[in-house]
S.K.: 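Please read through the structure below; I'll follow up with questions.
Nothing fancy with the numbering, it's 1 onward along the sequence.
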Amino acid sequence: MLVENLVQLKDLTFKSFISEEKINARVIELANQLNNDYVEKSPVFLPILNGSFMFAADLIKHVSVNCQVSFVKISSYAGTQSTGQLKTLIGHEESLFNQDVIVIEDIVDTGLTLELILSDLKARGAKSVETISLLRKQKARDKDVAVKYVGFELDEQFVVGYGLDYDGLGRNLSAIYEQSMH
Ligand code: IMP
C-alpha cells in the first residue's frame with residue numbers, strides 16, 4: 001500500500017529514498033559508461049534474479065553495444081556438512097568461456113553472494129568479469145568487494161522497491177524506499 005510517500009509492507013513502514021527520476025538518470029549514466037568501456041566488445045550480461053530484474057531491463061535498454069543477456073539465479077541448498085549452505089549459480093546454459101561477462105546485481109551488502117558468483121564465473125573461464133550493482137552498502141565498501149559500476153552508495157539502511165523486496169513484497173515499486181523507524 002502506498003500512501004503519501006509511505007509504503008506499508010507487512011509489519012514495516014518505508015519512506016521515499018531515491019525517486020524514479022533519479023534512478024532513471026543514473027541508469028542512463030551507467031549504460032553510457034558501459035557503452036564506452038565495452039565498445040567493440042560483445043559482453044554477456046548476467047542479471048542475478050530476483051532482485052535485479054527491473055534494473056537490468058532498464059539498463060540494458062540503453063546499452064548500444066551488441067550483447068547477450070542471460071538471467072541467472074542463485075540456488076542454495078543445505079549442504080551435506082553441518083557447516084551451512086552451499087550455493088551455486090544456475091540458469092546460464094551458454095558457455096561463458098572467453099566471454100566478457102557483466103554481472104548485474106540489485107544490491108551488494110556483505111558481498112558474500114557476489115564473491116560466490118565471481119569465483120563460479122572465473123572457474124568457467126570467462127575472459128573478463130565485472131560487476132554492476134544498483135546499490136552498495138557500507139559493509140561491501142569496507143570489505144573492498146570488487147564492484148566496478150555502482151548506482152548509489154548506501155549506509156546500512158534496509159531498502160525496498162525497484163526490484164528489491166521485503167519478505168517477497170515491494171519489488172513492483174518504481175522508486176526506492178528506506179525503512180522508516182517511526
Ligand atoms: P550480500 O550477500 O550480503 O551482499 O547480500 C546481497 C543480497 O541480500 C541482495 O542480492 C538482496 O537480495 C539482499 N539484500 C541485502 N540488503 C537488502 C536490502 O536493503 N533490501 C532488500 N534486499 C537486500
S.K.: Do you know which two heavy atoms are closest between Tyr177 and Asn5, and how far apart they sit?
M.R.: CE2-O, 3.9 Å

S.K.: When you look at CG of Asn66, are more than 12 heavy atoms from neighbouring residues, nucleotides or ligands closer to it than 6.0 Å?
M.R.: no

S.K.: So how far is it from Leu30 CG to Ile23 CD1, rounded to the nearest 0.5 Å?
M.R.: 11.5 Å

S.K.: Between Leu154 and Gln157, what is the shortest heavy-atom contact and its length?
M.R.: CB-OE1, 3.9 Å

S.K.: Going from CD on Glu178 to NZ on Lys15, what distance comes out if it is rounded to the nearest 0.5 angstrom?
M.R.: 4.5 Å

S.K.: Hey, mind stepping through Val7 and Leu173 against side-chain contact (heavy atoms from CB on, under 4.5 Å) and telling me if it holds?
M.R.: CA-CA 9 Å; Val7 177; Leu173 299 163; 4.0 Å; yes

S.K.: Are any of the side-chain nitrogens in Lys61 or Asp58 under 4.0 Å away from the carboxylate oxygens of its partner?
M.R.: yes

S.K.: For residues Tyr162 and Val27, determine if any side-chain heavy atom of one lies less than 4.5 Å from a side-chain heavy atom of the other.
M.R.: yes

S.K.: Apply the test side-chain contact (heavy atoms from CB on, under 4.5 Å) to residues Ile60 and Ile104: give CA-CA distance (whole Å), side-chain angles for both, the deciding distance (0.1 Å), then the verdict.
M.R.: CA-CA 10 Å; Ile60 293 168; Ile104 304 185; 4.0 Å; yes

S.K.: Please report the closest heavy-atom contact between Phe158 and Asp165, naming both atoms and the distance.
M.R.: CZ-O, 3.6 Å

S.K.: Between Asn35 and Ser64, is there a donor-acceptor pair closer than 3.5 Å when you use the side chain of the first and the backbone of the second?
M.R.: yes

S.K.: Apply side chain to side chain contact (heavy atoms under 4.5 Å, CB included) to Asn172 and list each qualifying residue two or more places apart in sequence or on a separate chain.
M.R.: none

S.K.: Do side-chain atoms of Arg141 reach the backbone of Arg136 as a donor and acceptor pair under 3.5 angstrom?
M.R.: yes

S.K.: Ignoring hydrogens, what is the shortest heavy-atom contact between Arg26 and Val150? Give both atom names and the distance.
M.R.: NH2-O, 2.8 Å

S.K.: Is the closest side-chain heavy-atom distance between Ile176 and Leu135 below 4.5 Å?
M.R.: yes

S.K.: Between Val101 and Lys127, is there a side-chain heavy-atom distance shorter than 4.5 Å?
M.R.: no

S.K.: Can you tell if the side chain of Ile74 reaches within under 4.5 Å of the side chain of Leu116, non-hydrogen atoms only?
M.R.: no

S.K.: Crowded around Lys143 NZ? As in, over 12 foreign heavy atoms under 6.0 Å?
M.R.: yes

S.K.: Measure the spacing between OG of Ser180 and CG of Leu12 and express it to the nearest 0.5 Å.
M.R.: 10.0 Å

S.K.: Measure the OG1-OH distance between Thr131 and Tyr149 for me, rounded to the nearest 0.5 Å.
M.R.: 10.0 Å

S.K.: For a 4.5 angstrom cut-off between non-hydrogen side-chain atoms, does Val160 reach Phe17?
M.R.: no

S.K.: After noting the C-alpha distance and the side-chain angles of Val129 and Leu96, does the key distance pass the side-chain contact (heavy atoms from CB on, under 4.5 Å) rule?
M.R.: CA-CA 10 Å; Val129 183; Leu96 297 177; over 6 Å; no

S.K.: Working to the nearest 0.5 angstrom, can you tell me the gap between Thr110 OG1 and Lys137 NZ?
M.R.: 9.5 Å

S.K.: Start with the C-alpha distance between Asp37 and Gln33, add both sets of side-chain angles, then the distance that settles side-chain hydrogen bond (donor to acceptor under 3.5 Å, both in side chains), and finish with yes or no.
M.R.: CA-CA 6 Å; Asp37 292 356; Gln33 247 177 297; 5.1 Å; no

S.K.: Give the minimum heavy-atom separation between Phe55 and Leu134, together with the two atoms involved.
M.R.: CE2-N, 3.5 Å

S.K.: Passes side-chain contact (heavy atoms from CB on, under 4.5 Å), Arg171 versus Phe53? Steps please.
M.R.: CA-CA 9 Å; Arg171 296 192 195 277; Phe53 77 97; 4.1 Å; yes

S.K.: Testing the basics here: between Leu169 and Leu9, what is the closest heavy-atom pair and its distance to 0.1 Å?
M.R.: O-CD1, 3.8 Å

S.K.: Is there a donor-acceptor pair closer than 3.5 Å between any side-chain N or O of Glu105 and the backbone N or O of Val103?
M.R.: no

S.K.: What's the separation between atom CZ in Phe45 and atom OG in Ser70, rounded to the nearest 0.5 Å?
M.R.: 12.5 Å

